[in-house]
Visitor: 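Handing you a structure now.
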2 protein chains.
Amino acid sequence: MTSTTRDKMIAGAADLMSRRGVNATSMRDVVRHTATPRGSIGHHFPDGKPQLLAEAVRFAGQRVSVRLDKVLSELGVIAGFRAFVTSRRRRLETTQFEAGCPVLAVAVDHYVGETSDKGETRDEATQQHLLDLAHDVFTDWQQVMLLALKREGLEAARATRLATLVVAVIEGTVALCRAARSTQPLNHAQQELELILSEALARKAE
Amino acid sequence: MTSTTRDKMIAGAADLMSRRGVNATSMRDVVRHTATPRGSIGHHFPDGKPQLLAEAVRFAGQRVSVRLDKVLSELGVIAGFRAFVTSRRRRLETTQFEAGCPVLAVAVDHYVGETSDKGETRDEATQQHLLDLAHDVFTDWQQVMLLALKREGLEAARATRLATLVVAVIEGTVALCRAARSTQPLNHAQQELELILSEALARKAE
DNA sequence: GACTGGCTATGTCAAGCGTCATAGAATACA
DNA sequence: TGTATTCTATGACGCTTGACATAGCCAGTC
């Protein structure tokens, strides 16, 4: 095995990021939360916090991507989407609307390293890198959705737009539900989105 | 005048929050960014950072709400929505995709005060309050959209769901555009949303 | 001109942060 | 068994943070 400590740290970091954001998640929080040794951080992540954040984004992105792909190809677009939303809803409920999305957190909350010299140049390179990673994840999710739509015969351009819309709605809805401490925004968005998707698929031949 | 210093601080805080998130925005950053005196913070915001954050959320929420209402009632739902999206797009472009939404930041990035006693109880009350404020803002925006849709004859239940969808898409799209450093996600979402809205309005009589 | 009260400037403080160094434990292989 | 390598534990460091205290400025008013 390649040390489960490392994996626990990554998963724990992703979890904390999804709940609190990037900067509200300290490395000490991560080791507390995962019951892992603090000294191991330097060992497993020699590049420090940015590296841990990056791995957490990749990890969470891939986990969702795999699940989305599975459910879409097994159940088709409509039922698959419904199943995916249901799992998101359950996660919101079981965590009392605390859990969000670590990738969204990276896209919204800028990482702030040490302010190096004079506060003039923040750690912009790291932030750009994290944003790139978040973009890769978003693109990956869109791609999964896109392929599912095309698989059911939808034209490429329309499918691309719809895939973007779906990802945007999911991310935005997470924020609304957290603020509302309710799944109602998710329910409303789901209803409308299912309508849109089924109409689009029904007209694919035109 | 009731001291422009206070207002500049609030607007500056909202701006920084929208770019960096809640915890990456320090009070010292705000005074640097707005060229306001550091010592005045305790004077204008005796409750400290939480108070400044709260006022920033209210300020930004109201500003958007007013603009959205104006444009929707002057131009109607479709053209008004288009105009609103256009202004968001311009803002993204002129800030090189740095500016986001301070309300979204509050919903994603948890405020962390001093960890009081033993790290067990974070500043949960303050965070709940900020989330409530964010929820009020989101609700307000949805209400503005809802009224515009009803004004054009849409049935209440459908209008409610669409209003939620629109707000969710706008917030989610901000994140996608920031990560992509591109307005393409906004463009795609806008196209689909205009389609949905015009179809819904066209069928209002059924 | 002196007084006064709202504002500004600057320094100090405890606490938390990420990082690093160093020492100890555990594990794997000969 | 011995030893090398990998992992864990703990403390120290330099820094930033929000909060506070104290002193100075600068209108207005009598």
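All values reported here derive from a predicted model rather than from experimental measurement.
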Visitor: Round to a whole Å and report the spacing from CZ of B:Arg32 to P of C:dA9.
Guide: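 For the pair B:Arg32 CZ and C:dA9 P, the rounded distance is 15 Å.
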Visitor: Let me have the donor-acceptor pairs involving side chains of residues 100-110 of chain B, under 3.5 Å, with sequence neighbours excluded, atom names and distances please.
Guide:
unit_1   : atom_1 : unit_2   : atom_2 : d
B:Asp109 : OD1    : B:Asn23  : ND2    : 2.9
B:Asp109 : OD2    : B:Val22  : N      : 2.9
B:Asp109 : OD2    : B:Asn23  : N      : 3.0
B:His110 : NE2    : A:Arg19  : O      : 3.3
B:His110 : NE2    : A:Arg178 : NH2    : 3.1

Visitor: Rounded to the nearest 0.5 Å, how far apart are CG of A:Leu186 and CG of A:Leu193?
Guide: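 One finds 10.0 Å between CG of A:Leu186 and CG of A:Leu193.
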Visitor: For nucleotides 3-6 of chain C, print each protein N/O atom paired with a nucleotide N/O atom at under 3.5 Å, atom names and distance only.
Guide:
none

Visitor: Is the shortest side-chain N to carboxylate O distance from A:Glu192 to B:Arg158 below 4.0 Å?
Guide: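 Judged by the 4.0 Å cut-off on N to carboxylate O distance, A:Glu192 and B:Arg158 do form a salt bridge.
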Visitor: Send over the distance from A:Lys8 NZ to D:dC7 C1', rounded to a whole Å.
Guide: 14 Å
Visitor: Suppose we screen for salt bridge (Lys or Arg N to Asp or Glu O under 4.0 Å). Which residues come up paired with B:Asp136, at least two apart in sequence or across chains?
Guide: none
Visitor: Round to a whole Å and report the spacing from CZ of A:Arg28 to C1' of D:dC13.
Guide: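 Rounded to the whole Å, the gap is 11 Å.
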Visitor: Can you tell me the distance, in whole Å, between the CG atom of A:Asn23 and the C1' atom of D:dG18?
Guide: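 After rounding, the gap between these two atoms is 16 Å.
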Visitor: In residues 47-58 of chain B, what residues come within less than 4.0 Å of DNA chain D, judged by heavy atoms?
Guide: B:Gly48, B:Lys49
Visitor: Write down the distance between CE (A:Met27) and P (C:dT19), rounded to a whole number of angstrom.
Guide: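 One finds 7 Å between P of C:dT19 and CE of A:Met27, rounded.
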Visitor: With no angle test and no hydrogens, is the base of C:dG11 tied to the side chain of B:Arg38 by a donor-acceptor pair under 3.5 Å?
Guide: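 Answer is yes: a donor-acceptor pair is held.
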Visitor: Shortest non-hydrogen contact from B:Val169 to B:Ala189?
Guide: CG1-CB, 3.8 Å
Visitor: So which nucleotide from D:dG18, D:dT8, C:dC17 ends up closest to the side chain of A:His44?
Guide: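 Closest nucleotide to the A:His44 side chain: D:dT8.
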Visitor: Kindly point out which of C:dT8, D:dG18, C:dG18 is positioned nearest to the side chain of B:Ser40?
Guide: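 That would be C:dT8.
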Visitor: Would you please confirm or rule out a distance under 4.0 Å between OP1 or OP2 of D:dT8 and any side-chain N or O of A:Thr36?
Guide: no
Visitor: Can you measure A:Arg6 atom CZ to D:dT6 atom P for me and round it to whole angstrom units?
Guide: 15 Å
Visitor: In whole angstroms, how far is the C1' atom of C:dA21 from the CD1 atom of A:Ile41?
Guide: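 The distance from CD1 of A:Ile41 to C1' of C:dA21 comes to 16 Å, rounded to the nearest Å.
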Visitor: Which pairs of donor and acceptor atoms, one on a side chain in residues 51-62 of chain B, lie under 3.5 Å apart (sequence neighbours left out)?
Guide:
unit_1  : atom_1 : unit_2  : atom_2 : d
B:Gln51 : OE1    : B:Asp47 : N      : 2.9
B:Glu55 : OE1    : B:Arg6  : NH2    : 3.3
B:Glu55 : OE2    : B:Arg6  : NH2    : 2.6

Visitor: Are more than 12 heavy atoms from other residues, nucleotides or ligands located less than 6.0 Å from atom CD of B:Gln128?
Guide: yes
Visitor: With A:Phe81, which residues qualify under ring-ring contact (aromatic ring centres under 6.0 Å, His included), at least two apart?
Guide: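 By the ring-ring contact (aromatic ring centres under 6.0 Å, His included) rule, A:Phe81 matches no residue at all.
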Visitor: Got a second to check how far A:Gln143's CD is from A:Ser65's OG, nearest 0.5 Å?
Guide: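 OG of A:Ser65 is found 10.0 Å from CD of A:Gln143.
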Visitor: Figure out the OH/C1' separation between B:Tyr111 and D:dT17, and round it to whole Å.
Guide: 10 Å
